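Counting starts at 1 for both ligands and their atoms, following the listed order. Keep in mind that the numbers below use all heavy atoms, side chains included, and drop hydrogens, waters and symmetry copies. Bear in mind that the values here come from a model prediction, so they are computed numbers and not experimental data.
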Amino acid sequence: MPTPIITDGTMDKLVKAPRVVLPQEAGLFRDRAARFDALAPRDDSGAYMRFLSHVCRAQADAYGARTAHSVPERAVDNSRQYGMPPLSAHVTPRDPQWRADLRDILDRVQADYGESNTQLSTVIGKIRRQLESDASALEAVADRIIAGVSEPDDSASYPFIGAALQVYFSRLAATLTPEDVAVSDVPTVCPCCGMRPTASLVRINPDRMNYRYLVCSLCMTEWNLERVKCSSCEEEKGIGYLSVEVEGRAPADAAIRAETCDECKTYLKIFVQEKDPQIDPIADDLNSLALDMLVDEKGYARTGPNLLFYPGHE
Ligand SMILES: [Zn+2]
Ligand SMILES: [Zn+2]
């Protein structure tokens, strides 16, 4: 149930923190592109972040290029009655529309770069050929991304296919209302599509101030989970926080921390907008890989994927 927050000291003006916040529009991809740009160092070391900025701009264009097909009434009924995610990514067949999104993203990124980057052109050319004549290979990569079992051969196409899936699923999620998305039996996966979150985000929106939301890695839905609780095993004891030292800032004051759990030995990052209002859970996640290394060395395993980044060997 939503938790009441008293906003102005009176009891008759209660604002409810929403339980679920569905994605609204393409703006989130544009904002993310701007964030990748802002985070990218100006020299060659920023090339990968700038590439992802282009990918996010392409996502925004693809998002606006077509409308979502309707979500079957049965899926919404199952969600309301049985708490199943209405867009369950693991079991619901995908419409080929996601491949049209993929084509748009490839075209836009190729147009941005021209022929200046031969490695990139080779990767894009290969995916384009698969779109024409071997769609089942792309569907298989998509299945593996969703199942979290990607293979080394998927690494080059991973960010493009991950990006297209995000566009397709967030556009579908935007057609639902919070009432369509039931309280899930498993609060640690997305109530809309069943995927794991990339990270936690503590927002500064007035109606969500200081509440923790898990941000879906696939459909961009955000859902509330109480703070100081493991987002994997739901235990409250054994929760700790780790951060990379930043000069002039106390560890507890860091905008980015890893929430670690000693019960299941996992972690997920938590981003605090109050410390950095521009923070973006997907872009800032990839800008803080040093934190992943630090936490990994201490023996915690990461639980949430970032669909713009091939996670490497398991
Ligand atoms: Zn989702
Ligand atoms: Zn745990």
| request: Answer yes if the side chains of Asp262 and Tyr300 hold a donor-acceptor pair under 3.5 Å, and no otherwise. | output: yes
| query | Which value, rounded to 10°, describes the SG(Cys216)-the Zn ion (ligand 1)-SG(Cys190) angle? | reply | 110°
| request: Taking the Zn ion (ligand 1) as the vertex, measure the angle between atom SG in Cys193 and atom SG in Cys219; round to 10°. | output: 120°
| task | Please tell me if the side chains of Arg94 and Glu139 come closer than 4.5 Å, counting only heavy atoms from C-beta onward. | result | yes
| note | Here the vertex angle at the Zn ion (ligand 2) for SG of Cys230 and SG of Cys264, given to 10°, is 110°
| field | Metal proximity, Cys192 vs the Zn ion (ligand 1), N/O/S cut-off 2.8 Å | value | no
| query | Between the side chains of Ser121 and Gln110, is a donor N or O closer than 3.5 angstrom to an acceptor N or O? | reply | yes
| message | Between Ser217 and Arg196, do the side chains contain a donor N or O and an acceptor N or O under 3.5 Å apart? | response | no
